[in-house]
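In what follows, a structure is listed as structure tokens, so that the remarks can point back to it.
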Protein chains: 2
Amino acid sequence: MEVGLREVAALAGVSVGTVSNVVNGRATVAQEYVDRVNDAVMQLGFVRNDAARALRSGTSRTVGMIIPDGNNPFYTSVALGASDAATLNNNIVLVGTSHDEAEREARYVEAFGEQRARGLIIASAGNIHDRLHQFARGGMPSILLDPDVDERFSSVGPDDVLGGRIGVQHLIDTGRRRIGFVGGPMRLRVLTDRLVGANDAISGTNGAVTLEVFETPDRTVLTGRTIGERVLKRPPETRPDALFAMTDLLAIGILQALDAHRVAVPGDISIIGYDDIDFASTTSVPLTSIRQPMEIIGRKAVEMIEAQREGGSKKREHITIEPTLVPRDSTLRP
Amino acid sequence: MEVGLREVAALAGVSVGTVSNVVNGRATVAQEYVDRVNDAVMQLGFVRNDAARALRSGTSRTVGMIIPDGNNPFYTSVALGASDAATLNNNIVLVGTSHDEAEREARYVEAFGEQRARGLIIASAGNIHDRLHQFARGGMPSILLDPDVDERFSSVGPDDVLGGRIGVQHLIDTGRRRIGFVGGPMRLRVLTDRLVGANDAISGTNGAVTLEVFETPDRTVLTGRTIGERVLKRPPETRPDALFAMTDLLAIGILQALDAHRVAVPGDISIIGYDDIDFASTTSVPLTSIRQPMEIIGRKAVEMIEAQREGGSKKREHITIEPTLVPRDSTLRP
DNA sequence: TCGATCCCGTGAAACGATTCATGGGTTAGG
DNA sequence: CCTAACCCATGAATCGTTTCACGGGATCGA
């Protein structure tokens with residue numbers, strides 16, 4: 001038999017209203033009653049029924065998050081930031097991982113919708129935006145982590161143009177003149193943005209520095225190694241003297257290839273990665289990287305959810321957060 | 001204004017009971033009514049209120065999972081397996097990440113308890129077991145991923161004794177005679193278990209093979225490198241001819257050290273890691289590793305939850321799943 | 001002593017879906 | 001044509017909490 005407010009009230013000799021007030025920490029209850037109720041709660045092992053609470057009060061305490069890949073530190077760190085922000089309002093963040101399956105993603109979307117979550121933070125490939133928009137009209141806003149996917153929603157994401165500029169500028173500042181930009185496929189918006197930023201930095205040098213694009217089919221360690229090998233096939237004087245890899249994985253692969261051929265890093269070629277994953281600091285030569293402001297993105301996303309709940313769905317906005325350079329030996333030790 | 005069963009029923013010209021039956025796919029409704037109701041559902045954008053459903057029916061559709069570290073592929077893969085199993089019963093898995101903070105963990109525990117989740121899958125360090133046990137008496141079972149932490153709960157986990165034996169046996173089979181066991185701190189149960197397994201394998205050789213333990217304070221790449229350096233300080237004839245690292249991270253660090261000193265792998269020293277993380281296949285010499293049966297653990301955990309909900313909390317069990325060897329160049333190429 | 005004010009506990013209504021006893025309508029058998 | 005049997009839509013009761021109008025009792029000033 002379920003222990004409810006009623007049972008607690010009976011044991012404590014008070015009314016259910018009073019028990020509710022005590023359980024929710026409302027200030028209007030005399031100390032004597034508070035104690036009596038708390039004793040009864042303990043004694044009966046009362047656990048508040050969230051379904052009833054949500055039903056009556058019409059509000060949920062959970063912020064939903066749906067991500068494609070649970071192993072991607074980008075998403076998990078965004079989740080951490082979101083969790084921090086949610087905690088301030090006594091809410092929690094619950095994460096569903098779609099593993100890039102549209103069906104699984106749709107199930108999570110429906111589930112959060114039915115739960116009347118406070119809002120959704122979504123990085124999605126699937127075709128769920130119409131449904132999300134329907135939810136939004138019902139008062140559950142969604143915040144996208146991929147910008148520009150759908151104008152109807154707010155979004156928060158890293159400033160990729162700036163990231164590209166920061167990386168190349170750092171290479172220029174450390175004396176590099178022939179820079180390689182390694183990444184692909186170039187249909188990805190993040191990559192074209194970073195390339196724009198990279199060219200911004202180049203164009204400030206009046207032709208003193210060149211940029212060459214090495215397009216890749218993916219951004220894995222193996223592909224990085226292939227790129228490294230390809231670069232090393234060239235005579236040293238026509239090689240780039242710096243490579244800007246669009247993921248740390250690519251950079252690690254490149255580094256492996258250079259290591260294997262005893263090419264000095266950063267002496268002969270310097271390397272920058274992107275993402276600043278944990279591994280970046282533990283490679284044979286610690287890797288300079290661009291750190292994405294993941295926690296801040298998560299925090300911001302939760303704030304936007306709460307703002308939209310307050311101010312109606314009017315305030316749609318697209319926010320970018322600035323990435324930062326994390327300099328390490330792969331570009332610094334001469 | 002909220003669109004409820006009532007509004008749908010009014011528009012479709014039927015009763016709420018009928019709408020409920022249609023929405024839940026019950027077979028007792030005539031086709032004509034089904035169509036009318038579905039039209040109305042579409043038209044009004046009806047989304048079922050899970051709070052009301054859960055309140056009345058007394059059952060939830062979510063399996064809760066609480067993990068300490070969102071970036072650990074062990075947990076995320078367990079979550080994937082759990083999600084697969086949950087889907088079979090039309091349930092979903094929602095994950096909360098405690099980031100090793102007791103307070104955050106406790107918040108998730110309370111939240112899932114209040115939600116009357118179907119059950120909890122937990123890898124915990126915190127002091128929450130009494131609370132979990134209280135929930136269990138209320139009908140919400142918990143399954144631990146760390147065995148032996150608390151006898152009151154069922155658990156599923158990898159068979160670490162077997163993992164240790166498999167790894168060492170493979171080294172013996174590939175002709176190694178002086179094996180180093182690298183890991184720590186040795187107060188961790190997983191490690192002592194694996195050491196037991198390792199010694200099992202050794203003891204089958206009648207002293208032909210020796211095992212030396214290199215205890216480490218943690219299991220990071222940096223520590224691995226340190227161990228590698230330490231081994232290389234010895235004269236070659238007293239070095240181990242194989243190292244069994246308790247994580248792939250340790251193994252990668254060791255590999256970096258050996259690479260840097262041009263020691264051949266596996267020619268001079270062969271290496272096995274543990275966990276088979278994505279990186280294991282992409283190191284300079286692809287790393288042989290022990291693969292933990294993570295998806296299966298997740299699947300099993302969900303099955304145990306459902307079993308306990310059926311059969312009362314009587315059936316407490318402790319299950320281990322067999323890990324497998326993933327052979328790669330770091331032990332094979334001579 | 002009386003009335004005005006506050007304080008604070010009370011208890012019933014309400015949230016929206018599920019469930020099930022009820023009975024209207026139809027079919028089949030005689 | 002009548003009854004039994006069956007099918008299936010109905011709608012009211014119900015889940016446990018929150019919320020709020022209500023009023024009993026205490027305090028205070030006059």
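Below, chains carry the letters A, B, ... as their sequence lines are ordered, and counting in each starts from 1. Only heavy atoms go into these numbers, but all of them, side chains included; no hydrogens, no water, no symmetry mates.
In the model, A:N49 has no side-chain atom that pairs as donor or acceptor with a side-chain atom of B:E114 under 3.5 Å. No side-chain N or O of B:D39 forms a donor-acceptor pair with one of B:Q43 less than 3.5 Å apart. Using a 3.5 Å distance cut-off with no hydrogens or angles, the side chains of A:R61 and A:N90 do not pair a donor with an acceptor.
Residue B:L5 places its side chain closer to C:dT18 than to any other of D:dG16, C:dT18, D:dA9. Comparing C:dT19, C:dA17, D:dG16 against the side chain of B:F46 picks out C:dA17 as the nearest. Ranking D:dG16, D:dT17, D:dC15 by closeness to the B:R56 side chain, first place goes to D:dC15. Candidate nucleotides C:dG16, D:dT17, D:dT19 were compared by shortest atom distance to the side chain of B:E2, and C:dG16 ranks first.
Map A:A52 and A:A30 each onto its nearest nucleotide of DNA chain C; the residue landing nearer the 5' end is A:A30.
B:Q134 CD: more than 12 foreign heavy atoms inside a 6.0 Å radius. The environment of CG in B:D278 is sparse: at most 12 heavy-atom neighbours from other residues, nucleotides or ligands sit within 6.0 Å.
What separates CZ of A:R61 from C1' of D:dT17 is a distance of 13 Å, to the nearest Å. Following rounding to the nearest Å, A:E114 (CD) and C:dT18 (C1') show an atom-to-atom distance of 14 Å. Spacing between atom CD of A:Q31 and atom P of C:dC7 amounts to 18 Å, rounded to whole angstrom units. The interatomic distance linking B:Y33 (OH) with D:dC8 (C1') rounds to 9 Å, in whole Å. The distance from atom CD of B:E7 to atom P of C:dA17 is 8 Å, rounded to the nearest whole Å. The CZ-C1' distance, from B:R36 to D:dT10, rounds to 14 Å in whole Å. If you measure from atom CD of A:Q115 to atom C1' of C:dA17, you get 15 Å, rounded to the nearest angstrom. Whole-Å rounding puts the B:D50 CG to C:dC15 C1' distance at 14 Å.
Ring orientation note: the planes of A:F153 and A:H129 are tilted relative to one another, at an angle of 30° to 60°.
Contacts of A:N24 with the nucleic acid, taken as non-hydrogen atoms under 4.0 Å apart, involve only primed sugar atoms and P, OP1 or OP2. Within 4.0 Å (heavy atoms only), B:A51 reaches no atom of the nucleic acid at all. At the heavy-atom level, B:R6 lies under 4.0 Å from base atoms of the strands shown.
Between B:R116 and D:dG16 there is no side-chain polar atom (N or O) within less than 4.0 angstrom of OP1 or OP2.
In summary, of the residues considered (A:I121, A:L94, A:I122), a side-chain contact (heavy atoms from CB on, under 4.5 Å) with A:M65 occurs for A:I121 alone.
For the contact set between residues 8-23 of chain A and DNA chain D, defined by any heavy atom under 4.0 Å, the members are A:G17, A:S20.
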